[in-house]
*Asks:* 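I am attaching a structure below and will ask some questions about it afterwards.
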2 protein chains.
Amino acid sequence: MGVKEKRARYKEEFRRDILGAAREFFIHEGYEKFSMRRLAEKIDYSPTTIYLYFKNKDDLLFAICEEFFGHFSAQLNRIRTVLPRDPVETLRQALLYLMNFGLENPNQYKLIFFTKSVYGTREELVERGSMARNTYFAFKEMVQECINSGKLREVDVEVMVDTLVIASHGLIAKTIYGAAVPKDRSGIVALTLVDALLIGYRK
Amino acid sequence: MGVKEKRARYKEEFRRDILGAAREFFIHEGYEKFSMRRLAEKIDYSPTTIYLYFKNKDDLLFAICEEFFGHFSAQLNRIRTVLPRDPVETLRQALLYLMNFGLENPNQYKLIFFTKSVYGTREELVERGSMARNTYFAFKEMVQECINSGKLREVDVEVMVDTLVIASHGLIAKTIYGAAVPKDRSGIVALTLVDALLIGYRK
DNA sequence: CTCTAATATTAACAGCGTTAAGTAAAACAA
DNA sequence: TTGTTTTACTTAACGCTGTTAATATTAGAG
């Protein structure tokens, strides 16, 4: 690509292009292989150019995570509106979807939940207005509804949400870092885990 | 320290010294700050010297993990012999101990369970005769006893073990990577999580 | 005292994220 | 059209990283 064509672009468009290339790269090759220099090579620009559109590596990775959290959040709301009858079943489906999302996007899940640098502290998260915050509240509401409807025990809501999210975190961590578990086995484990928990919380 | 004193040491002894310094360094400053070059500086040797006693960085970190897994494994056996009456209570205590161990040694737990390079695949783990394998079998036996005694449902043993270990993984992941959660809160969450699971599996 | 084997070091390679300084082209002003 | 400013990008560099090859130093054996 010549210099001329490289130039005639709008800032926003180019930012999206970089993000797209980064997403592709990151999803397919994972956190370990991802580097700014290699990304630069892929998009055929010098490494420093990326810094004109993203503050730093974390900023770029954050953008990738937010994209996917956006998709997740949207789907989560769909689940909540489609299955409004039984709050426990809604919560169950939401949890299974979270797990499935993690199993299908392990690199993003890893980045979002198993990395400190990208998402920082809870305060920074709130300040940045991250999507992650939205989904947390969504789960909190779902749990609250289950308790209000009298179907689950009156355990502290935040503690209960934590335990449920923790179950998902653990599953993904084990799948990512543990031995190469066949995906259908993860599915069975996910089901068993969620059901055991929800039975355990049943009134 | 002069060059002379540096020399007059037995290989094994020096290896243990390096390991000790590495453990200290790693525990207190964590994975991110740990580097071979900084460790070398701390023990007042050149970076390459470490490579005469450890194959590479992962090999050194693996040794640190095995140390701590050794302690954990020993304590786990103590729990099993001290509380042999009620298999479910034994399992419960073992799980809580695993979680507590993780909360108190987050850096090692992270290294062991949330890192691919150090512990590798399950096959490599078995080949290396890792302590991790022992503790897995210990949990499997405990779960089997609970089922045999008729106190827990007849869920597939390996699936059940996975879900229980997963719960621990998730808790530690959330504590390590999530917002700075006060430790006593993690304790409550751990209790709630374990009890909900065991109730859920109750016959 | 010399030779060998063990032990430790220096120098180097290839990679990383990131910043400062420099260049070339486009946009704008006169 | 000419001159100037702004924008977009690159090159060079800093200070890190893990690791290897080649080299120096030393201890102990003969």
Side-chain angles (χ1 to χ4, degrees), chain A residues 1-19 21-23 25-26 29-65 107 110-111 115-120, chain B residues 1-22 25-26 29-65 107 110-111 115-120:
Chain A
M1 200 196 289
V3 180
K4 262 196 172 174
E5 299 94 290
K6 277 189 184 178
R7 291 305 210 69
R9 320 183 76 150
Y10 294 109
K11 193 128 186 166
E12 273 310 311
E13 190 192 336
F14 193 20
R15 199 189 131 100
R16 278 206 310 276
D17 286 356
I18 295 176
L19 189 57
R23 181 182 53 237
F25 181 17
F26 182 74
E29 314 212 23
Y31 188 85
E32 283 74 19
K33 295 195 175 178
F34 183 91
S35 85
M36 297 297 262
R37 297 177 113 108
R38 281 161 66 106
L39 173 61
E41 215 168 75
K42 292 212 180 212
I43 62 174
D44 213 36
Y45 279 81
S46 80
T48 46
T49 299
I50 301 171
Y51 287 84
L52 300 172
Y53 299 87
F54 295 90
K55 196 181 138 211
N56 53 30
K57 190 183 178 183
D58 284 344
D59 192 41
L60 175 53
L61 293 177
F62 182 83
I64 293 176
C65 290
N107 286 321
K110 190 172 165 180
L111 204 55
T115 311
K116 247 199 168 117
S117 63
V118 175
Y119 265 68
Chain B
M1 200 197 289
V3 180
K4 261 198 173 172
E5 298 93 288
K6 278 188 181 177
R7 290 307 209 72
R9 322 187 73 149
Y10 293 108
K11 194 128 186 166
E12 273 309 311
E13 190 191 337
F14 193 20
R15 201 189 130 101
R16 277 206 310 277
D17 287 356
I18 295 175
L19 189 58
F25 181 16
F26 182 74
E29 313 213 22
Y31 189 86
E32 283 73 19
K33 296 196 174 178
F34 183 91
S35 87
M36 297 297 263
R37 296 177 112 106
R38 282 161 64 105
L39 173 61
E41 216 169 73
K42 291 212 180 212
I43 61 173
D44 214 35
Y45 279 81
S46 80
T48 46
T49 298
I50 301 172
Y51 286 84
L52 300 173
Y53 300 87
F54 295 92
K55 199 180 136 207
N56 54 30
K57 189 183 179 183
D58 283 344
D59 193 41
L60 175 53
L61 293 178
F62 181 83
I64 293 176
C65 290
N107 286 321
K110 190 172 165 180
L111 203 54
T115 311
K116 246 198 169 121
S117 63
V118 175
Y119 266 69

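It should be emphasised that the depicted structure is a prediction, and the values quoted were computed from it without experimental measurement. Proteins come first, then strands; the chains are lettered A, B, ... in the order of their sequence lines, and each starts at number 1.
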*Asks:* Ser35(B) side chain N/O closer than 4.0 Å to the phosphate oxygens (OP1, OP2) of dC16(D)?
*Replies:* no
*Asks:* Is it true that, when you exclude Glu29(A) itself, more than 12 heavy atoms of the residues, nucleotides or ligands shown sit nearer than 6.0 Å to its CD?
*Replies:* yes
*Asks:* What's the closest nucleotide to the side chain of Asn56(B) if the choices are dG17(C), dA8(C), dT19(D)?
*Replies:* dT19(D)
*Asks:* Please answer whether the main-chain N or O of Tyr53(A) pairs with a side-chain N or O of Arg15(A) as donor and acceptor at a distance below 3.5 Å.
*Replies:* yes
*Asks:* If you check the Tyr51(A) side chain, which of dT19(C), dT19(D), dG18(D) turns out closest?
*Replies:* dT19(C)
*Asks:* Take the protein atom NZ of Lys33(B) and the nucleotide atom P of dG18(D), then report the distance between them rounded to whole Å.
*Replies:* 15 Å
*Asks:* With a 3.5 Å cut-off and heavy atoms only, can you find an N or O donor on one side and an acceptor on the other between the side chain of Thr48(B) and the base of dT10(C)?
*Replies:* yes
*Asks:* On the side chain of Arg37(A), is there an atom forming a donor-acceptor pair with the base of dG15(C) - under 3.5 Å, no angle test?
*Replies:* no
*Asks:* Of all the nucleotides listed (dT19(D), dA8(C), dT11(D)), which has the minimum atom distance to the side chain of Ser46(A)?
*Replies:* dT11(D)
*Asks:* Have a look at Ser46(A) and tell me which of Thr49(A), Asp44(A), Ile43(A) forms a side chain to side chain contact (heavy atoms under 4.5 Å, CB included) with it.
*Replies:* Thr49(A)
*Asks:* Could you tell me how far apart Asp58(B) (CG) and dT17(D) (P) are, to the nearest whole angstrom?
*Replies:* 16 Å
*Asks:* Side chain of Met36(A): nearest nucleotide among dG17(C), dA8(C), dT17(D)?
*Replies:* dG17(C)
*Asks:* Could you tell me whether the side chain of Phe34(A) reaches within less than 4.5 Å of the side chain of Leu111(A), counting heavy atoms only?
*Replies:* no
*Asks:* Is Tyr53(A) near enough to dA8(D) that one of its side-chain N or O atoms lies under 4.0 angstrom from OP1 or OP2?
*Replies:* no
*Asks:* Just the rounded figure in Å: distance from P of dG22(C) to CG of Leu52(A).
*Replies:* 17 Å
*Asks:* Think Thr49(A) has a side-chain N or O under 4.0 angstrom from the OP1 or OP2 of dT10(D)?
*Replies:* yes
